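Below you'll find the structure, written out as structure tokens, and then a few comments.
Please read these numbers as outputs of a predicted model, since none were measured by experiment.
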Amino acid sequence: MARISGVISLAIFTIAMSACNSEMLQKQAEQIKQQELEIARQRKDLEAMLASQKLQDQKQQDCNRAFRDYFERAQIASTGDEAIALYREGLSLCPEDEVAHYELGRALADRGRYLEAEKELETALSLRPDFADARRQLESVRKNR
């Protein structure tokens, strides 16, 4: 009888341990699942950051090319019309360059094209609100209209 009681106790203990192990395994499986979800989220974030960095790198390359091939040449252009064309070509590559918009606005104003100049100067100011030279030039253009 004692032997049967011992076997029963052992069986109950084994069942209890098995249930405990099963519960622990379920908790571990849930933790692994949560970790996998977090890894997937982090991977997605990293991929988005890499795509953003790649886009920024391309923009920087475009702006470098715009400076090299257009903006610098516009500064020494022999005519105002040539400078305007060069600034416009450069801005098609690097549209967020406030200085190029400012310089294009000045070149347009020098040619008497005040409405176009005003638009370019406003764009320069929208890109950099504290651009004092652009603000002064815009005021001058508006007076001459």
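Phe131 and Phe67 fall into different hydrophobic clusters, where Ile, Leu, Val, Met, Phe, Trp and Tyr side chains are chained together by heavy-atom contacts under 4.5 Å.
Between Glu103 and Arg106, at least one side-chain N (NZ, or NE/NH1/NH2) sits under 4.0 Å from a carboxylate O, which counts as a salt bridge. Salt-bridge formation is not detected for the pair Asp62/Lys59: no Lys NZ or Arg NE/NH1/NH2 atom is positioned less than 4.0 Å from an Asp or Glu carboxylate oxygen. Using a cutoff of 4.0 Å between basic side-chain nitrogens and carboxylate oxygens, Glu116 and Arg88 are scored as salt-bridged. Salt bridge annotation for Glu38-Arg41: present, with a cationic side-chain nitrogen under 4.0 angstrom from a carboxylate oxygen.
From Asp110, atom CG reaches atom CD1 of Ile84 across 8.5 Å, with rounding to the nearest 0.5 Å. Taking CD1 of Ile32 as the reference point, atom CG of Leu25 lies at 9.5 Å (rounded to 0.5 Å). Of the inter-residue distances, the one linking Gln42 atom CD with Met49 atom CE reads 11.0 Å to the nearest 0.5 angstrom. Note that the OG atom of Ser140 and the CG atom of Leu121 stand 9.5 Å from one another [nearest 0.5 Å]. The CD atom of Gln60 lies 10.5 Å from the CD atom of Gln53; values are rounded to the nearest 0.5 Å. To the nearest 0.5 angstrom, Cys94 atom SG is 7.5 Å from Glu96 atom CD.
Shown are Gln137, Arg142, Arg113; of these, the side chain to side chain contact (heavy atoms under 4.5 Å, CB included) with Glu118 is made only by Arg142. Under the side chain to side chain contact (heavy atoms under 4.5 Å, CB included) test applied with Phe71, the options Leu91, Val99, Leu86 reduce to a single match, Leu91. Put simply, the residue from Asp133, Leu127, Leu125 that forms a side chain to side chain contact (heavy atoms under 4.5 Å, CB included) with Tyr102 is Asp133.
Ser126 contributes a side-chain N or O that, together with a main-chain N or O of Thr123, makes up a donor-acceptor pair within less than 3.5 Å. At least one donor-acceptor pair under 3.5 Å links the side chain of Arg135 to the backbone N or O of Pro129.
Between the side chains of Glu30 and Gln26, no donor-acceptor pair is found at a separation under 3.5 Å.
For the residue pair Tyr87 and Ala100, the shortest heavy atom distance occurs at CD2-O, 4.0 Å. Of all non-hydrogen atoms in Ala66 and Gly90, the two that sit nearest each other are CB-O, 3.4 Å. Contact between His101 and Pro95 at its shortest, heavy atoms only, is NE2-O, 2.9 Å. Between Gly80 and Arg111, the shortest heavy-atom distance links the atoms CA-CD, 4.0 Å. Between Asp69 and Arg73, the shortest heavy-atom contact is O-NH1, 2.7 Å. Across all their heavy atoms, Ala74 and Ala83 have their closest contact at O-CB, 3.6 Å.
Leu37 has its side chain within reach of Gln34: a pair of non-hydrogen atoms, C-beta onward, lies under 4.5 Å apart.
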